[in-house]
Amino acid sequence: MRQLKPITIEKIHLHPVGLPLVERLQTSASYEPFKSAVIVELETSDGVTGWGECPTKMLPSYAYESMGTALHILGEFFVGWLVGKTIDNPMDVPAILGKIRGHPMAKYAAETAVWDAIAKTNNMRLADLFASVLPEGHDSKGYAVVGVSIGIQDSVEKTLQIIDKRLNEGYGRIKLKIRPGWDVELARGVRAVYPDVSLMLDANSAYQLSDADHLKQLDEFNLLMLEQPLGHHDIYQHGKLQPQLHTAICLDESIYSADDARLGVEIGACKIINLKPARVSGFTESIELYKFCVESGTPLWVGGLLETGVGRAANLAFASLPGVTLPSDISATDRYFDPDLTEPSFELSAGSRINVPDGYGIGVEVQRDRLESANAHWRENHPYKMEMSQYVPVRS
C-alpha cells in the first residue's frame, strides 16, 4: 500500500433520510413503503468531505439493526470516538469502533466515510484505494457486471412482464424473490418463456431443512444459484442441504465475516458467497472476505440493500475488483430512485455493466437540496413513536 496522506476528522453530521422508491421490492421478509438510510457526512480539518451510508431498514427485518439503532449507535458512540482522530489508514477504523459488539451497518457507514475522505485527500478513486491494499493484479476493471432483482409479484404473468422489461433494458442476470408457495411453479413458468436467461432465486431465509425434498425440484431449472434458503444465521443446516441439491447454494444473511465465509465453504454449506459490505461491518472485513474467495476459488458477488447513490457508488467500486466474479446487485439509478441523492446517476451500459465514476473517492456528488428533502420526508413519515429530533441533522 502506498504511503497515504492522513486525515484528521473535524466534524460528523448524521442525516436520516427517506426516499420514495420507483418500485417497492416485495421479499419473503419485508415490504417497506420507502427507502430509509442514515447518511454520514464526515468533514476533515483540510475541508474534505467523506460520505457513508447506513442502509438499514425502518424495521429489524433483514437484520436486527433499524434506523433507530443506527442513529443511537452512530450518534451516541461512533461520532464521539472518531471526531478529533487522525487516521493514516482506513483499515484502522474497525479497531476504533470495535468496542461496540455487532451493529455492522452502523460501522460500515462510519468506515465508508473515512475510506471516501482518505481517497479524496489522496486524489484517488475509491476503487483504486481498495486495489492498493490487495495483492498485485487486483486493479479495478473500471466497471461492474450487474444484474437486477425482481420482487414477489401477484402472478407469473406479471413477473414475466417485468423480466421482459429488464432484459430489454440490457440486464443480463435476473434474480427472483421466492417464498413457500411462490417458487417451483414460478421457476417453471419463467423457464418456459426464457429457457436460457441467467436466473437465480432468493429465498431470504424462508425455508427449513425439512423442505429439502421440495427444494430439490428447483434443480431442473438450471439456476445460477439458490440464495439463502434456510435460517438467516444458519450455516450448519445449509451444510446438510447443499449436498442434497445440484443447484449451488449462495449464503447471504449468514455471512457476517470472512471467517463465516470460510466456514460455509469448508463445511460444504454453500458454493457461492454474496458479499454485502454493510452486512460485514465495512470494507476492511470485505477485503478479507474477498481475499479468501480469491484464494479458494469461491465465486463472489456484491449484493445490494437498495442503497442510495452514496452506498451504491462505494459498493460499485468494490464490485469492480476482478475477484468479484458473478453479476452484482447494483442496478441503475432509475431502477430505484427518481431522483437519487447523488449525481451523476448510474446507468446501464452494454454487457450489463455499470461504469465506476471517474471522480475521486466515491466519485459522485451529494445534492444538498435532495438530501434536505429526503431528511424532511423521513421526519414526516418515520414510523417511530420516539422523539427523533435530537438526531436531526447534526452530531459533531
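Only a predicted model underlies this, so the values are computations on that prediction, with no experimental measurement involved.
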_Would Thr308 and Asp340 count as a side chain to side chain donor-acceptor pair (under 3.5 Å) here? Give the steps._
CA-CA 6 Å; Thr308 74; Asp340 200 347; 4.6 Å; no
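- Cluster membership for Met225 and Val302, using ILVMFWY side-chain heavy atoms within less than 4.5 angstrom, is not shared.
- Residues Leu186 and Val197 are members of one and the same hydrophobic cluster, defined by side-chain heavy-atom contacts under 4.5 angstrom among Ile, Leu, Val, Met, Phe, Trp and Tyr.
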*Begin with the C-alpha distance, continue with both residues' side-chain angles, and end with the deciding distance and a verdict on side chain to side chain contact (heavy atoms under 4.5 Å, CB included) for Ile87 and Leu82.*
CA-CA 9 Å; Ile87 298 179; Leu82 288 170; 4.3 Å; yes
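- Salt-bridge formation is detected for the pair Lys216/Asp213: a Lys NZ or Arg NE/NH1/NH2 atom is positioned less than 4.0 Å from an Asp or Glu carboxylate oxygen.
- Ser373 places no side-chain N or O within 3.5 Å of a backbone atom of Asp369 that could act as its donor or acceptor partner.
- Remark: side-chain polar atoms of Lys177 are not paired, donor with acceptor, to backbone N or O of Asp202 under 3.5 angstrom.
- Annotation: side chain of Asp164 is in contact with side chain of Tyr194 (closest heavy-atom distance under 4.5 Å).
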*side chain to side chain contact (heavy atoms under 4.5 Å, CB included) between Met58 and Phe34, intermediate numbers included*: CA-CA 9 Å; Met58 288 171 278; Phe34 57 86; 3.6 Å; yes
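- Panel note: side chain Glu111, backbone Ala106; no donor-acceptor pair is recorded below 3.5 Å.
- Side-chain atoms of Lys120 come within 3.5 Å of backbone atoms of Thr49 as a donor-acceptor pair (strictly under, hydrogens ignored).
- Summarising the local packing, CD of Gln208 is surrounded by 12 or fewer heavy atoms from other residues, nucleotides or ligands at distances under 6.0 Å.
- Ion pairing of Glu169 with Arg335 is absent here, as no side-chain N (NZ or NE/NH1/NH2) approaches a carboxylate O to less than 4.0 Å.
- For the atom pair Ser328 OG and Arg353 CZ, the distance stands at 13.0 Å (nearest 0.5 Å).
- The two residues Ala119 and Gly361 come nearest to each other via the heavy atoms CB-CA, 3.8 Å.
- Taking hydrophobic clusters as Ile, Leu, Val, Met, Phe, Trp and Tyr residues chained together by side-chain heavy-atom distances below 4.5 Å, Ile255 does not share a cluster with Trp301.
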*How far apart are the C-alpha atoms of Val184 and Leu218, what are their side-chain angles, what is the distance that settles it, and do they pass the side chain to side chain contact (heavy atoms under 4.5 Å, CB included) test?*
CA-CA 6 Å; Val184 174; Leu218 297 174; 4.0 Å; yes
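- Other residues, nucleotides and ligands contribute more than 12 heavy atoms inside 6.0 Å of the CG atom of Asn123.
- Of all heavy-atom pairs spanning Val356 and Ala317, the tightest one is CG2-CA, 4.5 Å.
- Contact of the Arg188 side chain with the Glu220 side chain is registered, since non-hydrogen atoms from C-beta on lie closer than 4.5 Å.
- Remark: aromatic rings of Tyr256 and His233 are close, center separation under 6.0 Å.
- To the nearest 0.5 Å, atoms CD (Gln242) and SG (Cys250) are separated by 10.5 Å.
- Other residues, nucleotides and ligands contribute only 12 or fewer heavy atoms inside 6.0 Å of the NZ atom of Lys240.
- Between Ile362 atom CD1 and Trp115 atom CH2 the span is 14.5 Å, to the nearest 0.5 Å.
- For residues 137-165, the pairs satisfying ring pair (Phe, Tyr, Trp, His ring centres under 6.0 Å) are His138-Tyr290, with sequence neighbours left out.
- Linking Ile, Leu, Val, Met, Phe, Trp and Tyr residues whenever their side-chain heavy atoms come within less than 4.5 Å leaves Leu97 and Tyr64 in two separate clusters.
- For the residue pair Leu275 and Ser286, the shortest heavy atom distance occurs at CD1-OG, 3.7 Å.
- Contact of the Leu230 side chain with the Leu209 side chain is registered, since non-hydrogen atoms from C-beta on lie closer than 4.5 Å.
- Counted within 6.0 Å of CZ on Phe221, heavy atoms from surrounding residues, nucleotides or ligands total more than 12; the atom is thus considered enclosed.
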*Run the side chain to side chain contact (heavy atoms under 4.5 Å, CB included) check on Val366 and Ile39 step by step: do they pass?*
CA-CA 10 Å; Val366 174; Ile39 305 300; 5.5 Å; no
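- The shortest distance between side-chain heavy atoms of Leu341 and Glu53 does not fall below 4.5 Å.
- The heavy-atom pair separating Gly268 from Pro243 by the smallest distance is O-CD, 4.3 Å.
- Between Ile249 atom CD1 and Gln244 atom CD the span is 9.0 Å, to the nearest 0.5 Å.
- Ile287 places a side-chain heavy atom less than 4.5 Å from the side chain of Val133.
- Using a distance-only test at 3.5 Å, with no hydrogens or angles considered, no donor-acceptor pair links the side chain of Lys99 to the main chain of Phe77.
- Not one N or O on the side chain of Glu43 forms a donor-acceptor pair closer than 3.5 Å with the backbone of Glu41.
- In this structure, Thr298 and Leu300 have side chains that are not in contact, with every pair of non-hydrogen atoms separated by 4.5 Å or more.
- In this structure, Tyr207 and His214 have parallel ring planes: the angle between them is below the 30° cut-off, well short of the 60° mark.
- Taken from CG in Asp219 to OG1 in Thr247, the straight-line distance is 4.0 Å, to the nearest 0.5 Å.
- Remark: side-chain polar atoms of Thr333 are not paired, donor with acceptor, to backbone N or O of Ser345 under 3.5 angstrom.
- Salt bridge absent: Lys276 and Asp329 never bring a charged side-chain N and a carboxylate O closer than 4.0 Å.
- Looking only at side-chain heavy atoms (C-beta outward), Thr86 and Ile7 stay at 4.5 Å or farther from each other.
- Ring pair Trp51/His15 is tilted by interplanar angle, where 30° to 60° counts as tilted.
- Side-chain heavy atoms closer than 4.5 Å link hydrophobic residues (I, L, V, M, F, W, Y) into clusters, and following such links, even through other members, never connects Val145 to Leu326.
- Although no hydrogens or angles enter the test, the distance criterion places no donor-acceptor pair under 3.5 Å between the side chain of Asn274 and the main chain of Leu251.
- Aromatic ring pairs are classed by plane angle as parallel below 30°, tilted from 30° to 60° and perpendicular above 60°; the pair Phe78 and Trp81 is tilted.
- Looking only at distances, no side-chain donor or acceptor of Glu65 sits under 3.5 Å from a matching main-chain atom of Thr56.
- Checking side-chain atoms of Glu285 against main-chain N and O of Val280 turns up no donor-acceptor pair under 3.5 Å.
- Residues Gln228 and His238 meet the side-chain proximity criterion, which asks for heavy atoms closer than 4.5 Å.
- Contact between Ser45 and Glu10 at its shortest, heavy atoms only, is CA-OE2, 3.8 Å.
- The distance from atom CG of Leu167 to atom CD1 of Ile162, rounded to the nearest 0.5 Å, is 12.0 Å.
- Across every non-hydrogen atom of Ile272 and Ala248, the tightest pair is CD1-CB, 3.9 Å.
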